[in-house]
Amino acid sequence: MPIHEKSLIRPENLVTNDNLVIDGVDVSGHWSTFIKSRTVTDYNEAMQEEIAAMPGGENIHRCWQCGSCTNACTVNAVNPEFNPRYWIYLIRTGMEEELLRDKDIIWQCVSCNKCTYACPRDVFPEGVMKATAHWLELKGHTGKSPSSHFDDDFTESIIDTGMIEEARVLLTFFKRTKQPLAQPWLIALITSLLKKMPVGYLFRLGFLTVFRPKVRNWSKNRVALQEYVDERKAAQRAALGMTGKGDH
Amino acid sequence: MADKDRKRVAYYPGCTLEGTGHAYNRSTKAVGKELGLELVELKNWNCCGAMEVKNIDNQVQTYLSARNLAIAEEMGFDTVMAPCNGCYHNLKKAEYDLEHNPTAIAANQRISQKAGHATYHPGKVETIHALDWLIDAVGLDEMARRAQGRLKGMKVANYYGCMYTRPRHIFPEKDKGPGSESTLKPHFMDDILAAAGAENVEFPLKTACCGGAHALSDSDISTRLVLNILETAEACGAEVIATECPTCHTGLEMHKVRAEKTLGRKTNIKILYFTQLLGMAMGLSAKKVGVNENYLDSSDLLKSKGLG
Ligand code: SF4
Ligand code: SF4
């Protein structure tokens, strides 16, 4: 079993002295490693409430810090810096600056819900991760992550037509995140497909924009959904004390 | 659960089965037809909200799923079958939220009214997966009789992914003891393929995550997760991974290629939908179950087993 939380002591906070005697006791060398004490003064007391106001963050107050989420986490197994329990702790205690050190990886949660499965307190840590990533973007701490671009593109397509147009979503996504479509692995995949597929399917596959699926009589749904989404977005911004419009 | 007649159910294919996952659509329909089951597609259905809409707003996703349930209700069905894990998960989640969450109930009512259609009445329609459907409507004995052990000697790793079992609370019918599905160690696909003669390997990553949520937005993590699944399945002695979700399936295929191209790690394991394996076991041709529509080629394995 790896020590999941080892990364919490940052290397710059570990001190060893080659030659040090304190009160007549020799504390030199590796065996007397010190951890620097920290003083935190700039608590952000509103942080927990703000994140609870984002979709998915509602239950953050229930966490009792058991660590089951981090222990079960898919991304934590790949990157030990990814630590839902720790971030929930930082949010609940208002240690914004500490949280911001990890701002660029929080969006990487793959929504596998292993944490939710393991959590004894129904915190829904998966939702908290999304809420936190969302909060970081709204606050301007991070730019839009590729994942948020994806969420936006999908939602836009669904509100507009009632369906996911795979072609439209993929092309917009690659454009917005400035990724070239001509990536070797994508090309390999598409060529292997082209070799075997009857032309008719290619239309359906959506790599061509000719085929645009749509739900019939969707216009009223579109209006109702857009209105609701706009309202929710305004409410979120208000919860963060932000006024006015604008795309984040 | 099993007391309902599921020989004729409402069918919700969802966007992915109309796009990248159409081999799953084809094989599901072919298997159903072969077994004398009737799938009646929901009229004018819409996207269930996928995973992405939830990240923007939970209630919007609930509404999108509930509209489909309302259609099933209006068409007079008490059961809707969704073969895609994502759709299945979202419809189940909507059902749960509309029974338990006042915000979701209010939002659904409001959007439904404004959009001018009937509001779904929670509890009216049960969503089931293609696995439940086959087990309930046909049963393992009948599938075994039809397959006559044609998958004999095929070593299969059954891969269920995330959305089929998690989070647990939206699947009230699971974890109910013998005969029910387990969220910790699901076995319905294992049972079906074993009935068809397959030799299931002990596979510890049945419900591991393939990183599908970030298949494109964070490809490196997805590739690592997929590679782990593929290599583990191979190490467990499997020749093929059986899937029951189009997103997992495409993710495995995509990142199998990507792992080879970007990390130089080649794996030889095949990836097939369980409906394709079952269909061929029942004597359907490879073409009938859309094997040629998969991204990756499995013909050598199938040939060596005398299938398709
Ligand atoms: S949902 Fe996100 S935070 Fe939870 S276990 Fe999966 S990757 Fe980790
Ligand atoms: S599993 Fe739940 S209660 Fe435990 S630390 Fe994680 S969020 Fe908190």
Side-chain angles (χ1 to χ4, degrees), chain A residues 55-56 74-75 78-79 107-114 116-117 122 124 126-127 130 134 145-155 157-159 162-164 166 170 173-174 177 184-185 188-189 192-193 196-197 201 204-206 213 215-218 220-221 223-225 227-229 232, chain B residues 15-16 18-20 22 44-47 49-60 63-64 67 107 110-117 162-163 165-169 183 207-209 211-214 216-219 221-222 224-225 253-254 257-258 260-262 292-297:
Chain A
T74 299
V75 179
V78 179
N79 175 9
W107 69 272
Q108 289 180 323
C109 160
V110 289
S111 291
C112 67
N113 269 317
K114 290 228 169 197
T116 310
Y117 194 88
D122 282 348
F124 300 118
E126 184 266 347
K130 294 294 163 194
H134 201 142
S145 71
S147 170
S148 303
H149 277 302
F150 219 72
D151 294 345
D152 286 352
D153 297 347
F154 259 79
T155 308
S157 162
I158 295 167
I159 291 182
M163 288 186 85
I164 296 173
E166 285 176 328
L170 286 179
F173 173 74
F174 276 97
T177 53
W185 63 276
L189 201 72
S192 85
L193 203 74
K196 294 181 299 166
M197 294 267 282
Y201 295 146
R204 314 223 65 205
L205 258 180
V215 179
R216 291 187 307 280
N217 306 322
W218 186 252
K220 277 169 126 183
N221 302 62
V223 175
L225 283 167
E227 184 190 273
Y228 187 80
V229 168
R232 294 300 307 148
Chain B
C15 309
T16 315
E18 301 253 295
T20 42
H22 53 109
N44 201 27
W45 52 265
N46 59 275
C47 172
M51 185 180 288
E52 287 70 15
V53 173
K54 175 205 105 225
N55 298 338
I56 304 282
D57 190 275
N58 238 317
Q59 271 50 267
V60 171
Y63 163 74
L64 288 166
R67 180 178 175 274
R110 172 182 152 184
I111 306 174
S112 299
Q113 266 163 15
K114 183 127 207 211
H117 62 81
C162 301
M163 314 280 266
T165 55
R166 287 190 297 269
R168 194 199 322 241
H169 69 272
T183 57
T207 66
C209 178
H214 291 330
L216 291 164
S217 43
D218 192 7
S219 310
I221 282 203
S222 299
R224 285 181 69 174
L225 295 175
E253 291 190 315
M254 233 169 89
V257 176
R258 195 168 183 274
E260 203 180 315
K261 293 277 166 200
T262 59
N292 57 322
E293 296 165 37
N294 290 348
Y295 289 71
L296 302 179
D297 190 54

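Here is how names work: the chains are called A, B, and so on, in the same order as the sequence lines, proteins then strands, and each is numbered from 1.
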How far does [atom1] of [X] sit from [atom2] of [Y], to the nearest 0.5 angstrom?
X        : Y        : atom1 : atom2 : answer
A:Met163 : B:Thr16  : CE    : OG1   : 9.0 Å
A:Tyr228 : B:Gln59  : OH    : CD    : 4.5 Å
A:Asn217 : B:His117 : CG    : NE2   : 11.5 Å
B:Thr207 : A:Asn113 : OG1   : CG    : 11.5 Å
A:Asn79  : B:Ile221 : CG    : CD1   : 7.0 Å
B:Asn46  : A:Ile159 : CG    : CD1   : 12.0 Å

[X], part contacting chain A, at a heavy-atom distance under 4.5 Å:
X        : result
B:Ile56  : both
B:Ser112 : neither
B:Thr183 : both

Which atom names give the shortest non-hydrogen contact between [X] and [Y], and what distance separates them?
X        : Y        : result
A:Ser111 : B:Met51  : CB-SD, 3.5 Å
B:Pro167 : A:Thr116 : CB-CG2, 3.7 Å
B:Cys47  : A:Ile158 : SG-CD1, 3.4 Å
A:Ala224 : B:Ala115 : CB-N, 4.2 Å
B:His214 : A:Val110 : CD2-CG1, 3.8 Å

Most contact-rich option vs chain A, by heavy-atom pairs under 4.5 angstrom, among B:Gly211, B:Cys209, B:Gly212, is B:Cys209
Just give me the residue among B:Glu260, B:His169, B:Met163 that pairs up with chain A most often, heavy atom to heavy atom, under 4.5 Å. B:His169
Inspect the surroundings of CZ in B:Arg110 and state if more than 12 heavy atoms from other residues, nucleotides or ligands are less than 6.0 Å away. yes
Contacting moiety of A:Trp107, where chain B heavy atoms sit under 4.5 Å: both
In terms of heavy-atom proximity below 4.5 Å to chain B, should A:Arg232 be classed as side chain, backbone, both, or neither? side chain
Quick one: are B:Lys54 and A:Pro55 in side-chain contact, heavy atoms under 4.5 Å? no
Distance-only, no hydrogens or angles: does the B:Asp57 side chain make a donor-acceptor pair with backbone N or O of A:Val229 under 3.5 Å? no
